Q: 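Just dropping this structure here.
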There are 2 protein chains.
Amino acid sequence: MKNIIKSTLLLVATSLFFIGCGNNGGKEQKKGGALENNVAEKVYVAPGEHDSHYAFISGGYSGNLTVYGLPSGRMFKEIPVFSQFPTSGYGYSEETKPMLNTSHGFIPWGDSHHPDISQTNGEIDGRFIFINENNTPRIAKIDLRTFETTEIIEVPNSAGNHSSSFVTENTEYVVAGTRFSVPVPQRDMPIKEYKGNFQGALSFISVEPEHGHMDIKFQILMPGFNYDLSHPGRGASHGWFFFSTYNTEEASTLLEVNASQNDKDFIAAVNWKKIEEYVNNGGGTMMPAEYAHNVYDEVTHTATSTMKKEVRVVNPSEVPGAVYLLPTPKSPHGCDVDPTGEYIIGNGKLSANLTVHSFTKMLDAIENKKFAGDAYGIPILNFEDVLAGSVEQPGLGPLHTEFDDKGNAYTTFFISSEVVKWKLGTWEVLDRKPTYYSVGHLTIPGGNSRKPQGKYMFAMNKITKDRYLPTGPELEHSAQLYDISGDKMELLLDFPTHGEPHYAAAMEADLIKKRSRKIYKLEENNHPYAAKSDADVKVVRKGNEVHIYMTTIRSHFSPDNIEGIKVGDKVYFHITNLEQDFDVPHGFAVIGQNTSELLIMPGQTKTSVWEPTKVGVWPFYCTDFCSALHQEMQGYIRVSPKDSPIKLSWSLDGE
Amino acid sequence: MKNIIKSTLLLVATSLFFIGCGNNGGKEQKKGGALENNVAEKVYVAPGEHDSHYAFISGGYSGNLTVYGLPSGRMFKEIPVFSQFPTSGYGYSEETKPMLNTSHGFIPWGDSHHPDISQTNGEIDGRFIFINENNTPRIAKIDLRTFETTEIIEVPNSAGNHSSSFVTENTEYVVAGTRFSVPVPQRDMPIKEYKGNFQGALSFISVEPEHGHMDIKFQILMPGFNYDLSHPGRGASHGWFFFSTYNTEEASTLLEVNASQNDKDFIAAVNWKKIEEYVNNGGGTMMPAEYAHNVYDEVTHTATSTMKKEVRVVNPSEVPGAVYLLPTPKSPHGCDVDPTGEYIIGNGKLSANLTVHSFTKMLDAIENKKFAGDAYGIPILNFEDVLAGSVEQPGLGPLHTEFDDKGNAYTTFFISSEVVKWKLGTWEVLDRKPTYYSVGHLTIPGGNSRKPQGKYMFAMNKITKDRYLPTGPELEHSAQLYDISGDKMELLLDFPTHGEPHYAAAMEADLIKKRSRKIYKLEENNHPYAAKSDADVKVVRKGNEVHIYMTTIRSHFSPDNIEGIKVGDKVYFHITNLEQDFDVPHGFAVIGQNTSELLIMPGQTKTSVWEPTKVGVWPFYCTDFCSALHQEMQGYIRVSPKDSPIKLSWSLDGE
């Protein structure tokens, strides 16, 4: 029997899989026609003009966050978050290495998934953007004044931090849920004893209103399901958070078969205000845990990592009325809440229909205690009691839904490879457009808020194949931009993404644009090794450590001749960029450096370590073409034998 | 006096610098006009259509090479070359770590500058692309069937490998010249004794015709100048190579002043065929040296690094008639040869005029021994004897010149921030267009060959400022695409680049497109740890090393439950992707991994090491969304205490 199920499922999955993958599609616009002119113009941003929207697209397995403009589809920046970034020295420089510290030690890579922009009163405010790391669970915060990662907090008791990082209506919390359940606390036990023993942690990380500092307020220890995605309530449902679950079978092997058995899994509805109140009154248990909290200080230009030792956990049974389970067909992936907060969409990826739950009906069922049973003590509501409606057979393999400002919803279908537009309330399908190929998430600017900005929608596709000129076996993923301002969606543009785009957050440009910083002020630079003028330039030996306080300005380093370094020394180049004009970075590299270059913004100080192993006279130079005399921006450092009597000396132009 | 020179120079440089940096420019096309429609259409590549050209743009301080389409300006891939690349595990996986080995040890970063596509009979053939690493001198080769870096050779006796990597007419050699001169061999000596003691190595790296294997054939040890850029002769001048020099003053400090004293520096003309013949007859000296040669084997999917121990060096004085110096005003940067091979352009960055040398006149001067003296024994020709002509006052700060197929040249001017089109032979300026801002290199597809494909030209600009939506203090650099098919250049598009674009190589797409590989054939996979079917799946312990032979296929790992691992073990996950369809990669990550994920293409095997430090049951999963049941593609690995008696076991679905 099991084998029959396996074969059937695999057959269905495989055959459906290929529906979306034909190479016959997508050539909708013919070259040179009037239609194309019109479409071309819709995405063309002429030299000197600006895009109207920012899109922040997760880099997936790149570990980073990429910044695009819409409608042009041009990538303006890759912000390093969870991965080393040789381009700027992030994760290599002494100042940024602490950002990648974890309870497992230094981790040079991450899998970033779901960016979400901070909100005030349910509207995105453009202050911060949060993003989750899946593999070694962490949440990062990026400051949208500088577009730099300024804080990363590890999430203990979690594994596969996937139903993350979504914010509540006033950014009270950024929420992170485990995808994989694990023993909590971790212990040596047989994998096959998973069922009933593993647990899933849902973490509520508080965000301090002024500076955005993060702290884990509490974790809810849930049954050993997989928690796939989540979204906050808003409006009437503010105070609640919704999580999709799959593998309610609690299988620990061959999940493609064994976690696809139940006709319905759940959306877990969490009344976080109730639990917050419980916790504020001393509820919950402080549990030993180990997790890193890494903070980048903009004044010292330096990150520090602190290892935290305990976390507050709450069992749902401790807080009656705080958690309910809403039956949802079948292995729901996305869990999306409409702008009013009334509708909770369960995108059952193996379901024929798209299920919409009603928040009002849920409250009513709870009030009337209409329970269908419980799972590990958590009340299960009746499917019919909470169902707002279904979109009947809208497509194959629904994954995610976003919303416009006119009461419409847009759902992606991975297997049938399309975006389907439908009406909230009537559940009527209004339009469908193919995607190329096999779409995952989609994004509408402002989509995850009370005020979507519904002009554009873009689909992030998992398969690329022939969409662009070939680049060998490995391809970038593809996104597609649609105009959704009319009754029908209009495909405008294919644009490649960088890494694996999971989710994206997007918004109109103005709010971010006007807050964007151009330089770091030199007078505010409190880096302990800063040289803020040529008077501060020096070279100091402490045992076998040599600290070089160096400055850069167009087009020289000071000092640019250094002698007295010896093999076995650990040489710290602390480099301050004295420039105070916008877009005048300098770079620094020295031959044989076993780390990366530094890219130093105006007013910044950064440090690179060099441990020379060979006697000689070695050059260093500026890596960022900075002026007409950039090629002249170089220097030499002399390395003598270990026992050399040569004293430290340094100079610029012999002085 | 020196201070006056300093002040004057800095003033001139600074004031000129800002000419190109105003924020008033570039809004040439107005929204909605008929002109814009036309321009928009010229760069719009409709969904389902392909770009007509590939552009391979160096990543500069990213260490990588990026692949763009023209005319759309979309980035299709970032090929990791000299830097660790968390996205695919390049430089982290066991198979690829040897690619970044050097005589200085493992180096995770590089500064890539000048890509050049292989040529046959002076025409680009689309087989390989070469690119140099500046900081720790290396040359890499990328196979354009797979778009993967397959070979890297270190260049000894070099420092700042900048006048690289350009190929001769039949890819006999890829040529690399040092930017910085250094003691050869390296030794402990005072920096101020630079003059007369430091030397500059110009390296000729042979390229084996069939497979492209690289080997350093010889190095020419030149005077202690800076060697900035180079290009091969072609046609009549095939057999020669030309290098621009600056710092003929041999200054070792404050070069922005001290290397800007001489009115003329040199272009060094090297008759490499003569030296090759000398070397083939046993000439030159084998000198002790240490440099890494790293080769990626496509059959084992594995790189190996070999440390080479000697290199053949040649002093110009050994081969009379092989090297000459052509006086060239002033601090020439680019050294460009026109498609016929007759004209050698010296882009004197501090010169008022643009100097063009004649190859014919050079030969004539040599034959008639019309020498103006010598530098360290190398004959200096008379400026007037070799001058073909000058473009008079074409702009400020010329850097680089490329050519179209109609006898025109296009030169970039950094300070006046423009591209100037002029006529070869008449030296008449035909057109000029502003760039935004401060252009460095420019590229015309096929530009560095006998057959330029002169439809497009793009400028790679060093300053971005307001060209795009702001992204804080750090900005991507900007490129600008021009249509050069008409008499006048037409600005079409601004597009951001990734990293720092120095040079780019570009060509029509067809030749590469038809050779591009889609998968790696599983039957050709000879990786020693490959599991090519489920029958090969196993887990083997060797002391504290555990080797897991694992397979992936939609949508499971085999095995997906592993027990018997202990704290202190070094666990090697050897993962083979059994898929044989195009664009079905799988990824692999395990929690707490102190390295990156793996991204495994169909038919490939890759290895990641995991050294668990904590007891528990830990999940792993596929990082690349591969099917409708991708979220189910996961497994668990149990880690027991160091002294645990639990035996190794592994299974999929309990079997």
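Throughout, a chain's letter reflects where its sequence line sits, starting with A, and its residues are numbered from 1. From a predicted model like this one, the values you see are computed outputs, not experimental measurements.
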Q: So do the side chains of B:Ile512 and A:Pro470 get within less than 4.5 Å of each other, counting heavy atoms only?
A: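 When only atoms from C-beta onward are counted, A:Pro470 and B:Ile512 do not touch, as no gap falls below 4.5 Å.
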Q: Can you tell which part of A:Gln84 gets under 4.5 Å to a heavy atom of chain B, answering side chain, backbone, both or neither?
A: both
Q: Among B:Lys192, B:Glu78, B:Glu148, B:His498, which has the most heavy-atom pairs under 4.5 Å with chain A?
A: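 The option with the most such pairs is B:His498.
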Q: May I ask you to name which of B:Val182, B:Ile79, B:Asp188 has the most heavy-atom pairs under 4.5 Å with chain A?
A: B:Asp188
Q: So which residue, A:His502, A:Arg145, A:Gln593, ends up with the most heavy-atom pairs under 4.5 Å with chain B?
A: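 When all of A:His502, A:Arg145, A:Gln593 are compared, A:Gln593 has the most.
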Q: Are A:Asp228 and B:Gln631 linked by a side-chain donor-acceptor pair shorter than 3.5 Å?
A: yes
Q: For A:Asp111 and B:Tyr621, what are the C-alpha separation, side-chain angles and deciding distance, and is it a side chain to side chain contact (heavy atoms under 4.5 Å, CB included)?
A: CA-CA 11 Å; A:Asp111 184 15; B:Tyr621 68 97; 2.7 Å; yes
Q: Can you tell me if B:Asn258 and A:Glu632 form a side-chain donor-acceptor pair at under 3.5 Å?
A: no
Q: Do you see a donor-acceptor pair shorter than 3.5 Å between the side chains of A:Asp653 and B:Thr253?
A: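 No, no side-chain donor-acceptor pair sits under 3.5 Å.
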Q: Do the rings of B:His333 and A:Phe625 sit parallel, tilted or perpendicular, given the 30° and 60° boundaries?
A: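 Rings of B:His333 and A:Phe625: perpendicular, as their planes differ by over 60°.
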Q: Measure distances from A:Val590 to the heavy atoms of chain B and classify the residue's part below 4.5 Å as side chain, backbone, both or neither.
A: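 Just the backbone, heavy atoms under 4.5 Å.
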Q: Per the side chain to side chain contact (heavy atoms under 4.5 Å, CB included) rule, which among B:Pro183, B:Ser252, B:Pro190 passes with A:Val617?
A: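 Only match with A:Val617 under side chain to side chain contact (heavy atoms under 4.5 Å, CB included): B:Pro183.
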Q: Between A:Leu350 and B:Leu629, is a side chain to side chain contact (heavy atoms under 4.5 Å, CB included) present by the stated rule, with each step listed?
A: CA-CA 9 Å; A:Leu350 299 178; B:Leu629 293 167; 4.1 Å; yes
Q: With a 4.5 Å cut-off on heavy-atom pairs, point out which of B:Ile191, B:Asp560, B:Thr623 contacts chain A the most.
A: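 Top count of heavy-atom pairs under 4.5 Å with chain A: B:Ile191.
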Q: Below 4.0 angstrom, N of the basic side chain to O of the carboxylate: do A:Arg74 and B:Glu476 qualify?
A: no
Q: Quick test of your reading of the model: are A:Glu474 and B:Lys518 salt-bridged, counting only N-O distances below 4.0 Å?
A: no
Q: Just by distance, with hydrogens left out, do A:Lys614 and B:Ser103 show a side-chain donor and acceptor under 3.5 Å apart?
A: yes
Q: Given heavy-atom pairs under 4.5 angstrom as the criterion, report whether the side chain, backbone, both or neither of A:Pro108 touches chain B.
A: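 Contact with chain B involves both backbone and side-chain atoms of A:Pro108.
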Q: Are any of the side-chain heavy atoms of B:Gln186 and A:Trp618 separated by less than 4.5 Å?
A: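 Of all side-chain heavy-atom pairs linking A:Trp618 with B:Gln186, at least one is under 4.5 Å.
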Q: Side-chain contact test, heavy atoms from C-beta onward, threshold under 4.5 Å: evaluate it for A:Pro47 versus B:Tyr436 and give yes or no.
A: no
Q: Just checking A:Tyr468 against B:Tyr54, ring centres under 6.0 Å apart?
A: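 So the answer is no for these two rings.
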Q: With respect to chain A, which residue among B:Met189, B:Lys513, B:Lys349 yields the maximal number of heavy-atom pairs within a distance under 4.5 Å?
A: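 Most pairs with chain A among the choices: B:Met189.
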Q: Classify the ring geometry between B:Tyr636 and A:Phe198 as parallel (under 30°), tilted (30 to 60°) or perpendicular (over 60°).
A: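 Rings of B:Tyr636 and A:Phe198: perpendicular, over 60°.
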Q: With a 4.5 Å limit on heavy-atom distance, are the side chains of A:Phe76 and B:Leu475 in contact?
A: no
Q: Before you tell me yes or no, could you show the steps for A:Asp624 and B:Tyr61 under side chain to side chain contact (heavy atoms under 4.5 Å, CB included), namely the whole-Å CA-CA distance, both residues' side-chain angles and the distance that decides it to 0.1 Å?
A: CA-CA 8 Å; A:Asp624 193 342; B:Tyr61 41 63; 3.7 Å; yes
Q: Is the shortest heavy-atom distance from the side chain of A:Asn226 to the side chain of B:Gln634 under 4.5 Å?
A: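 Yes, at least one pair of side-chain atoms sits under 4.5 Å.
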Q: Kindly give the heavy-atom pair with the smallest separation between B:Phe582 and A:Lys465, and that separation in Å.
A: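 Closest heavy-atom pair between B:Phe582 and A:Lys465: O-NZ, 2.9 Å.
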